[in-house]
Amino acid sequence: MEINVNGKDVETTASGFLSNLEDWNEEVAIVIAKQENIELTDKHWDVIHYLRDEFINNNGNLPNTRNMVKAMSKAWGNKKVNAKFLYDLFPGNPSKQAGRIGGLPESRRKGGY
């Protein structure tokens, strides 16, 4: 599969994840987010950049929702962040949907929190 970003075709997997991490940029993220009916706000970008940083700089780590809650609480000044807040941002599962928009590979993690 492919998505078209400014006239350039970017290859994706059957489930919509980028085939190549290096193909990602913010324009690609905006196109994927639009396909998922998400309008990206600063909070969305914070989550996306956090996930990308974890994956790229922490040995391929793909944080689960619980770890995302902790990290975003800290990043946003200990604001009361919970899983519901992240699901409001990314209703299709925060770690998977934000990861897809962030150009990360699909997590093979099974269920859980």
Side-chain angles (χ1 to χ4, degrees):
M1 299 182 69
E2 295 178 337
I3 58 172
N4 187 284
V5 181
N6 295 328
K8 178 185 176 195
D9 290 329
V10 178
E11 189 175 337
T12 63
T13 65
S15 52
F17 288 82
L18 292 187
S19 297
N20 184 355
L21 180 69
E22 287 76 34
D23 286 339
W24 186 88
N25 60 45
E26 290 190 356
E27 291 175 344
V28 170
I30 291 167
V31 169
I32 296 170
K34 282 183 183 177
Q35 290 176 342
E36 308 231 355
N37 296 315
I38 293 177
E39 187 173 330
L40 297 174
T41 66
D42 288 343
K43 297 283 189 218
H44 289 95
W45 285 115
D46 288 346
V47 173
I48 291 166
H49 289 299
Y50 161 72
L51 289 177
R52 286 188 57 80
D53 182 60
E54 277 296 304
F55 184 80
I56 294 167
N57 297 316
N58 194 9
N59 201 29
N61 181 39
L62 292 168
N64 63 18
T65 302
R66 175 177 282 161
N67 290 328
M68 291 170 65
V69 166
K70 290 177 186 177
M72 293 300 94
S73 292
K74 184 177 180 182
W76 295 330
N78 292 318
K79 179 185 174 211
K80 186 72 173 171
V81 177
N82 56 28
K84 182 191 178 314
F85 184 83
L86 292 180
Y87 272 93
D88 288 344
L89 291 174
F90 299 99
N93 182 318
S95 61
K96 288 188 183 246
Q97 193 169 39
R100 181 175 23 255
I101 294 168
L104 302 177
E106 185 170 9
S107 171
R108 299 294 179 204
R109 185 182 321 105
K110 293 182 179 179
Y113 183 78

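Between I38 atom CD1 and I48 atom CD1 the span is 8.0 Å, to the nearest 0.5 Å. Going from atom CG of N4 over to atom CG of D9 covers 5.0 Å, rounded to the nearest 0.5 Å. Going from atom CD of E2 over to atom OG of S19 covers 9.0 Å, rounded to the nearest 0.5 Å. Separation of atoms CG (N67) and CG (N61) is listed at 7.5 Å; rounding is to 0.5 Å. Taking CZ of R52 as the reference point, atom CG of L21 lies at 5.0 Å (rounded to 0.5 Å). Note that the CG atom of D46 and the CG atom of L40 stand 11.5 Å from one another [nearest 0.5 Å].
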Under the side-chain contact (heavy atoms from CB on, under 4.5 Å) criterion, do K43 and W76 qualify, and how do the steps go? CA-CA 9 Å; K43 297 283 189 218; W76 295 330; 3.4 Å; yes
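Every pair tested for ring pair (Phe, Tyr, Trp, His ring centres under 6.0 Å) that includes a residue from residues 4-26 fails, sequence neighbours excluded, so the list is empty. For residues 67-76, no pair satisfies salt bridge (charged side-chain N to carboxylate O under 4.0 Å, His left out), with sequence neighbours left out. Within the structure, ring pair (Phe, Tyr, Trp, His ring centres under 6.0 Å) contacts touching residues 30-55 (residues at least two apart or in different chains) are H44-F90, W45-H49.
Taking all atoms of both residues into account, the shortest heavy-atom contact from A83 to V69 is N-CG2, 3.6 Å. Scanning all heavy atoms of the two residues, the minimum distance from A98 to V47 falls at CB-CG1, 3.9 Å. Among all heavy-atom pairs drawn from Q97 and P91, the shortest one is OE1-N, 3.2 Å. Nearest approach of P63 to S95, heavy atoms of both residues: O-CB, 3.4 Å.
By the 6.0 Å contact criterion, CG on N57 is enclosed, its count of non-hydrogen atoms from other residues, nucleotides or ligands being greater than 12. The environment of D42 atom CG is sparse: at most 12 non-hydrogen atoms of other residues, nucleotides or ligands sit within 6.0 angstrom.
Residues meeting the side-chain contact (heavy atoms from CB on, under 4.5 Å) test with V5, sequence neighbours left out: I3, V10, E27, V28, V31. Considering only residues two or more places apart in sequence or on other chains, D23 meets the side chain to side chain donor-acceptor pair (under 3.5 Å) condition with none of them. Scanning for side-chain contact (heavy atoms from CB on, under 4.5 Å) contacts around K84 gives N82, D88, with sequence neighbours left out.
Between R100 and the choices E106, Q35, E36, the side chain to side chain donor-acceptor pair (under 3.5 Å) rule is met once, by E36.
Under the 4.5 Å side-chain heavy-atom criterion for grouping Ile, Leu, Val, Met, Phe, Trp and Tyr, L51 is connected to I56 within one hydrophobic cluster.
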